[in-house]
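Reading through the structure tokens given below for one structure.
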Amino acid sequence: MNRIRVVQTLEKISKIGATANGMERIAYSEAERQAKQFVREQCEQLGMTVREDEAGNLIARKEGIDPSLPAVAVGSHLDTVYNGGKYDGTLGVIAGLEIVRMLAEEEINTLHPVELIAFACEESARFNASTLGSKAMTGFLDLDSLRSLKDKDDRSIQEVVAEQGLEFESMTNAARSKEDIKVFLELHIEQGSKLIDRNKTIGVVTGIAAPMRLSLTIDGKSSHSGTTGMKNRSDAFLAAAELSLIVEKAALAEEQYETVATVGVVDVLPGAMNVVPGKSSLKIDIRSTNGESRKRVLAAIKQEIERVEQSRNVKVTIDWKTEEEPVMMDEMLVKKMATICENRRIPYSFLPSGAGHDSMYMAKRWPTALLFVPSVDGLSHHPDEFTEAGDIMTGIGVMKEAVLAYAIEVNNKSKRRKA
């Protein structure tokens with residue numbers, strides 16, 4: 001492994017979309033396109049065949065001795081959130097690139113092809129819709145649910161993907177057959193502090209907590225802040241604040257299942273200092289690898305809504321609710337990753353992922369493993385996001401061994417010459 005090369009590759013990609021406030025390489029943007037182009041050029045220099053599918057996923061392939069066999073795929077994403085960090089997603093793409101570089105340098109041939117995949121639109125930052133690339137590849141992309149989506153600049157998703165040379169109506173054609181891929185492997189920063197807290201270097205992910213999301217609208221009554229007595233108010237914001245605390249309480253009651261719930265968006269109208277808020281809205285995100293635990297959080301919120309309506313003299317409406325099922329990683333792959341760590345004497349820990357990843361959808365179609373490396377201070381989606389180079393190299397080493405185990409090394413010219 002070439003530590004300097006890995007760090008330099010990360011720095012080169014991190015210059016694309018860099019701003020004074022962090023990374024801004026949002027989905028289907030010119031910056032994301034440039035990052036994909038950089039990766040394409042690096043892969044082509046290694047003799048890989050590279051294509052971009054109908055959803056904008058970049059797929060680079062190192063052919064195997066038997067091209068008819070399913071590929072061992074490695075990858076992640078290159079898009080970021082607004083004001084994001086440079087490790088989230090990008091690290092997994094660089095890991096796959098470095099593995100192929102090492103195979104080339106060591107003149108290692110494999111029976112199965114090896115693929116590097118850089119997925120499009122993993123982050124939900126731009127359109128409030130995530131993992132579009134992996135959903136398209138696995139056949140789970142629902143175009144009807146995306147048609148009305150616009151970004152914060154009021155640009156439609158159809159318009160944006162067209163600028164990237166893609167056809168919105170053709171994105172579902174990116175779906176691949178089950179025979180195309182043998183296993184999928186992803187390396188990612190943890191986005192939390194469990195590994196550091198436990199003094200571990202590798203996190204072997206057992207499952208991914210899928211989100212349940214809902215939007216609440218609270219209708220009260222706007223009135224003058226100076227003339228309306230405290231007991232005569234229908235304050236929509238105070239009702240929203242109370243409901244937010246209810247969300248927290250409901251999640252804390254499920255702490256043993258590592259269930260979490262977040263009120264990420266609060267809107268207050270009319271938004272004037274001298275007016276009692278007449279309308280407010282909340283967007284709530286509930287996550288767990290335990291589906292029943294997640295349902296109990298929702299039930300607790302619904303139960304308290306009626307009480308808040310009566311005590312605050314407001315009307316609360318659930319505008320929409322979306323629900324995805326938690327996904328477990330392949331048991332055999334989880335055991336394999338653990339065994340690799342044990343044989344290399346690498347401190348590791350089994351843990352769930354509270355964040356969504358492309359692995360979440362890849363696992364629905366192909367055996368999938370997700371590995372974490374520590375993120376200093378648990379930071380993610382933040383300009384100060386940082387992972388030690390040594391931890392990155394350890395993660396890449398584990399990934400390389402897994403790739404060779406499943407792609408099946410058939411010879412190593414360098415070793416043969418030395419012998």
Side-chain angles (χ1 to χ4, degrees), residues 13 16-17 24-44 48-61 70-71 73-82 84 89-90 92-93 96 113 115-181 184 186 320 322 324 356-366:
I13 294 179
I16 305 171
E24 192 163 305
R25 201 163 56 232
I26 58 174
Y28 298 119
S29 64
E30 175 59 20
E32 185 200 32
R33 188 200 66 77
Q34 290 178 14
K36 287 195 294 185
Q37 180 61 28
F38 172 82
V39 173
R40 173 189 284 271
E41 291 170 356
Q42 298 301 305
C43 291
E44 288 175 342
M48 304 177 78
T49 57
V50 188
R51 67 184 179 92
E52 187 172 339
D53 69 17
E54 293 86 345
N57 298 313
L58 188 74
I59 304 168
R61 183 179 177 97
V74 182
S76 196
H77 61 98
L78 292 167
D79 64 315
T80 71
V81 298
Y82 294 102
T90 303
V93 176
E115 288 188 353
L116 169 60
I117 304 174
F119 291 102
C121 195
E122 192 271 352
E123 302 288 3
S124 61
R126 186 166 194 178
F127 294 107
N128 290 320
S130 63
T131 57
L132 299 193
S134 51
K135 283 175 182 171
M137 186 173 290
T138 53
F140 288 95
L141 188 65
D142 179 9
L143 291 181
D144 289 337
S145 68
L146 305 178
R147 294 185 194 282
S148 62
L149 297 183
K150 293 186 178 182
D151 63 15
K152 66 179 185 179
D153 297 317
D154 203 37
R155 303 187 67 207
S156 70
I157 189 170
Q158 293 93 331
E159 176 186 358
V160 166
V161 299
E163 288 182 352
Q164 300 299 310
L166 305 170
E167 294 183 8
F168 178 78
E169 298 297 335
S170 299
M171 290 176 69
T172 52
N173 293 338
R176 300 178 66 176
S177 72
K178 193 169 180 62
E179 292 71 32
D180 279 357
I181 294 176
F184 175 72
E186 182 173 9
W320 52 260
T322 61
E324 297 181 15
H357 300 278
D358 289 306
S359 289
M360 185 165 57
Y361 278 90
M362 296 299 281
K364 294 183 178 183
R365 196 160 184 81
W366 300 288

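What you see is a predicted model; the values in this text were computed from it and never measured.
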Problem set entry | Set of ring pair (Phe, Tyr, Trp, His ring centres under 6.0 Å) partners for Tyr28, sequence neighbours left out | none
For this session: Under the ring pair (Phe, Tyr, Trp, His ring centres under 6.0 Å) rule, collect the residues that match up with Phe127, sequence neighbours excluded.
Result: none
Are side-chain heavy atoms of [X] and [Y] found at a separation under 4.5 Å?
X: Phe119; Y: Thr131; value: no
X: Phe140; Y: Met360; value: no
X: Met362; Y: Thr138; value: yes
X: Ile157; Y: Leu132; value: yes

So does [Y] get a backbone contact from the side chain of [X], meaning a donor-acceptor N/O pair under 3.5 Å?
X: Lys178; Y: Arg365; answer: yes
X: Thr80; Y: Arg25; answer: yes
X: Ser29; Y: Glu32; answer: yes

Seminar exercise, completed: The side-chain contact (heavy atoms from CB on, under 4.5 Å) partners of Ser177 (sequence neighbours excluded) come to Glu179, Asp180
Seminar exercise, completed: Across all chains, not counting sequence neighbours, the side-chain contact (heavy atoms from CB on, under 4.5 Å) partners of Ala71 are Arg61, Pro113, Glu115
Nearest 0.5 Å please: distance from the [atom1] atom of [X] over to the [atom2] atom of [Y].
X: Asp53; Y: Met137; atom1: CG; atom2: CE; answer: 5.0 Å
X: His77; Y: Ile117; atom1: NE2; atom2: CD1; answer: 13.5 Å
X: Ser130; Y: Glu123; atom1: OG; atom2: CD; answer: 8.5 Å
X: Asn57; Y: Asp358; atom1: CG; atom2: CG; answer: 8.0 Å

Residues two or more places apart in sequence or in another chain: which of them pass side-chain hydrogen bond (donor to acceptor under 3.5 Å, both in side chains) with [X]?
X: Gln34; value: Glu30
X: Glu54; value: none
X: Asn173; value: none
X: Lys135; value: none

Partners meeting salt bridge (charged side-chain N to carboxylate O under 4.0 Å, His left out) with [X] (sequence neighbours left out):
X: Asp144; answer: Arg147
X: Glu52; answer: Lys36
X: Asp151; answer: Arg126

Distance-minimising heavy-atom pair for [X] and [Y]:
X: Cys43; Y: Val50; answer: CB-CG2, 3.9 Å
X: Ala129; Y: Leu146; answer: CB-CD2, 4.1 Å
X: Ser359; Y: Phe184; answer: OG-CE2, 3.6 Å
X: Ile13; Y: Thr90; answer: CG2-CG2, 3.8 Å

Seminar exercise, completed: Residues pairing under side-chain hydrogen bond (donor to acceptor under 3.5 Å, both in side chains) where one sits in residues 153-164, two or more places apart or in two chains, turn out to be Arg155-Glu159, Arg155-Glu163
